[in-house]
Amino acid sequence: MITVTLPDGHERQVARGTSVIDFAAGIGVGLAKATLGACLNGSKEIVDLRSPILDDCSIEIVTAKSKAGLHVIRHSASHIMADAILRLWPDCKLAIGPSTDQGFYYDIDLDHKITEDDLGRIEAEMKKVIKEDTPFERHTVEREASLDEFRRAGEIYKVELIEGFDPDDELSVYRHGTTAFEDLCRGPHVPSTGHIKAFKLMRVAGSYWRGDEKRQVLQRIYGTAFPSKKELNQYLHNLEEAKKRDHRKLGKELELFMFHPTAPATPFFLPKGAVIYNELVNFMREKYLDYGYDEVVTPQILDVELWKRSGHWDKYQDNMFFTKFDKAEYGVKPMNCPTHALIYGSALKSYKQLPIRLADFGRLHRYERSGVTAGLTRVRSFCQDDAHIFCRDDQIGEEISQVIKMLNEVYETFGFDHLKIYLSTRPEKSVGSDEVWEKAEEGLRNALAENDIEYEVNEGDGAFYGPKIDFVVFDALEREWQLGTVQLDFTMPERFDLEYVNPGDGKSRPVMIHRAILGSLERFMGIIIEHFAGNFPLWLAPVQVRVINISDSQREYAEGVVASLKKLGIRVDAAYANTRIGGKIRDARNARLPFIAVVGDREKENGQVAVQALGGVDLGPSSVEDFGLMLKNKIEAREI
RNA sequence: GCCAGCGUAGCUCAGUGGUAGAGCAGCGGUUUUGUAAACCGCAGGUCGUCGGUUCGACCCCGACCGCUGGCUCCA
């Protein structure tokens, strides 16, 4: 007998070699029915439900309700899809077909180009496989025999996979279906194909074998699967909702920005979008005042000598734009840091002056490969709420703490109330010595520890000149967005030979902290458009109030209302057109106006406006003064 | 950059190898209106660009540009 511990601490004695499914059956018939596999001893790896339990252990039974169970379902769906594809196109070669957080995919090598129509055909074939409800059988196989079999079947990708495995590892295949579809797989899977209750194929896309762009291009078919139809429909519904908030769609509808083929991947902010853009800048400028930053304005185009000195020429050239004139070559700046290093170095500094915090809303240009750009979230020209802090070693902790404090204040203003934090370490393409990198990474770790911040490590994801802390927010749809970054850099000060006079009258090297909170304003705008679904908080709304008159007889009064609101600095417009009020209200609501002020004879009589807030909330009549005051208060408080 | 898809009026979208259509927006009238679309009329497009096939191309073919979904890359 062995002892198996359940998640709640209960212990059960069972015979050595009892299978997971039998163990579950011992607890309850319902649990046995729902069991898809198990995680042993806290491992994240799921074992098959038929695998025997050999030793004392803790166990967590995996059902469809858990995240792990969902992966089992999706992985099984991926096998069923591969089976269906092979039934339709027997010459198809299979690469890999894992589950993902969104669903599953299978990479296939097939001459026939899969179209949207084909997805329907594959789905129909999958339904047949599911209806057959044949069991998923696990078989361990011998390496050489398995290689032979896959070679014979022409499954070159499977062969390559096996050849890459450790020869001592056990190989397993899973088999299901009337055609005995078999795939190299660690598993586990659902007990039989009939357990797949709800799935849908989403799209087909290109991918590279093993993610290597020099290798074979494969077709990747994406699908998703859920334990029930209801959950699938909910997922599809959420996708629709996300589509409705797509910043590219709203940007066009709300006249915020546009693109033009003459400037690929470079936005034009229209008057309304520029209002939001400038409000964001104003907001950050206020914070800069609070936190002791000095704003600078720096050149756009600088001699390549500068970029050679900073390391950009070596490590960042592929992402830069260059131009030649007056017998010299120049690079358009992709980052502000070198210009700030020049400013720092332009005059002798004392240790008493530090820290020096230089902020810059300079426009940056980075060449992005044509296929990677997207709306406002990945552009070739953008502006960061960028700043560089030059400080002494002993100031690093406090400076980073202050940045984190400021960052939290900023994010709260937009309703981003929980964060995920990553520490990114040295990348392959980097400058600086090992010691310096170690020192910098330790500096960041210490700062995180001092602030009691939990974080995950992103190996090799740092900037070329230093490690960084990345701040990820969750938007209204709980999607993750990386916004802020704090980077600790000992390299740039060295390359630019930056110094300060220390108390002992000697020279010391300052540290440079690169930091941005909103990240790029372009990207940030894209994110908040989707976060707020275009319903901006009052302080950001391009037009804050629309005055609507009921008929011409209140036109003059309405113009007076507009004028007095304008006087208060409120962004107001009006709909004086001679049409019915219902239509004008509708237009205002579609344009996401935060407030609508209706004036008819009653209001004209009493010096009032009838106020409607976003979403059709009727706030009733109010004097023009009170209304204006109410707006001013909300704006100044940056109320969400 | 690679794979696939897409590109018709300002917007959303129909459409066919015989030189284009709707709704909304716009403009002009009529209507003077009380909280999500008043009515009538007018105008608006070398069908992304260039080339080819064809008696004839918006439609078929090719190249290019742009966009979208992915891959790779990535603040």
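As the structure is a computational prediction, the values presented were derived from the model and not from experiment. Residue numbers begin at 1 in each chain, while the letters A, B, ... track the order of the sequences.
- Using a 4.0 Å cut-off between a side-chain N of Lys or Arg and a carboxylate O of Asp or Glu, Arg426(A) and Glu441(A) do not qualify as a salt bridge.
- Under a cutoff of 6.0 Å and an axis angle of 45°, Arg74(A) and Phe226(A) form a cation-pi pair.
- Evaluation of the side-chain hydrogen bond (donor to acceptor under 3.5 Å, both in side chains) rule for Arg580(A) yields no partner, not counting sequence neighbours.
- Taking atom CG of Asp107(A) as the reference point, atom P of rC2(B) lies 19 Å away to the nearest angstrom.
- When heavy atoms are screened at a 4.0 angstrom cut-off, Val611(A) is found touching no nucleic acid atom at all.
- Side chain to side chain, Lys604(A) and Ser553(A) fail the donor-acceptor criterion of an N or O pair below 3.5 Å.
- A donor atom on one side chain and an acceptor atom on the other are found under 3.5 Å apart for Tyr157(A) and Asp109(A).
- Taking atom OH of Tyr316(A) as the reference point, atom C1' of rC73(B) lies 11 Å away to the nearest angstrom.
- Rounded to whole Å, the C1' atom of rC39(B) lies 8 Å from the corresponding atom of rU31(B).
- For the pair Asn319(A) CG and rG1(B) P, the interatomic distance rounds to 14 Å; values are reported in whole Å.
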* Structure fact -> Per-nucleotide protein contact along nucleotides 67-72 of chain B, 5' to 3', at a 4.0 Å heavy-atom cut-off (B base, S sugar-phosphate only, - neither), is SSBBBB

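- Put simply, CG on Asp318(A) is 13 Å from P on rC73(B), counting in whole angstrom units.
- One interatomic measurement links the two molecules: NE2 of His112(A) to C1' of rG5(B), which rounds to 14 Å at whole-angstrom precision.
- When the P atom is used for both rG41(B) and rA25(B), the distance is 15 Å, rounded to whole Å.
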* Would you write the dot-bracket representation of RNA chain B, where each base gets (, ), [, ], | or . depending on whether it forms a Watson-Crick or G-U pair under 3.5 Å and with which partner? => (((((((..((((....[..)))).(((((.......))))).....(((((..]....))))))))))))....

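- Contacts of Asn590(A) with the nucleic acid, taken as non-hydrogen atoms under 4.0 Å apart, include base atoms.
- Between Lys584(A) atom NZ and rU35(B) atom C1' the separation is 11 Å, expressed in whole Å.
- Qualifying side-chain contact (heavy atoms from CB on, under 4.5 Å) partners for Ser622(A), counting only residues two or more places apart in sequence or in other chains: Val611(A), Asp626(A), Phe627(A).
- Remark: Arg555(A) is positioned above the aromatic ring of Tyr576(A), its terminal NZ or CZ atom under 6.0 angstrom from the ring centre and at most 45 degrees off the axis.
- Map Gln612(A) and Gln487(A) each onto its nearest nucleotide of RNA chain B; the residue landing nearer the 5' end is Gln612(A).
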* Asked: Which nucleotides of nucleotides 29-34 of chain B have their base under 4.0 Å from a protein heavy atom (B), which only their sugar-phosphate (S), and which neither (-), written as one string 5' to 3'?
  -> --BBBB

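- Gln219(A) comes within contact range of no nucleotide atom at all, as no heavy-atom separation falls under 4.0 Å.
- rG21(B) and rC27(B) have their P atoms separated by 24 Å, with the value rounded to a whole Å.
- The closest side-chain heavy-atom distance from Met284(A) to Met406(A) is below 4.5 Å.
- Among the atoms of the strands shown, none is found under 4.0 Å from any heavy atom of Phe524(A).
- Rounded to whole angstrom, the span from the CG atom of Leu593(A) across to the P atom of rA36(B) amounts to 15 Å.
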* Output, in order, the C-alpha distance, side-chain angles, deciding distance and verdict of side-chain hydrogen bond (donor to acceptor under 3.5 Å, both in side chains) for Arg363(A) and Ser381(A). => CA-CA 7 Å; Arg363(A) 182 139 292 276; Ser381(A) 168; 2.8 Å; yes

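- A salt bridge links Asp246(A) with Arg248(A); the closest basic N to acidic carboxylate O contact falls under 4.0 Å.
- With P as the reference atom, rU46(B) and rG29(B) are 27 Å apart, rounded to whole Å.
- Look at the C1' atom in both rC59(B) and rU54(B): the space between them is 13 Å, to the nearest Å.
- Nucleotides rG28(B) and rC64(B), compared at atom P, are 46 Å apart to the nearest Å.
- Going from the C1' atom of rG17(B) to that of rC47(B) covers 15 Å, rounded to whole Å.
- No side-chain N or O of Glu603(A) forms a donor-acceptor pair with one of Tyr557(A) less than 3.5 Å apart.
- In summary, Asp118(A) and Arg121(A) engage in a salt bridge, as defined by a charged side-chain N under 4.0 Å from a carboxylate O.
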Using a cutoff of under 3.5 Å, can you pull out all pairs of nitrogen or oxygen atoms linking the protein to nucleotides 8-14 of chain B, with atom names and distances?
unit_1  : atom_1 : unit_2    : atom_2 : d
rU12(B) : OP1    : Lys252(A) : NZ     : 3.4

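- Lys584(A) and Asn549(A) share a donor-acceptor pair across their side chains, judged by distance under 3.5 Å alone.
- Between Glu605(A) and Arg602(A), none of the side-chain N atoms (NZ, or NE/NH1/NH2) sits under 4.0 Å from a carboxylate O, so this pair counts as no salt bridge.
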* Steps toward salt bridge (charged side-chain N to carboxylate O under 4.0 Å, His left out) verdict (Arg515(A), Glu399(A)) -> CA-CA 11 Å; Arg515(A) 46 106 287 175; Glu399(A) 284 306 307; over 6 Å; no

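- rG51(B) and rC40(B): their P atoms are spaced 45 Å apart (whole Å).
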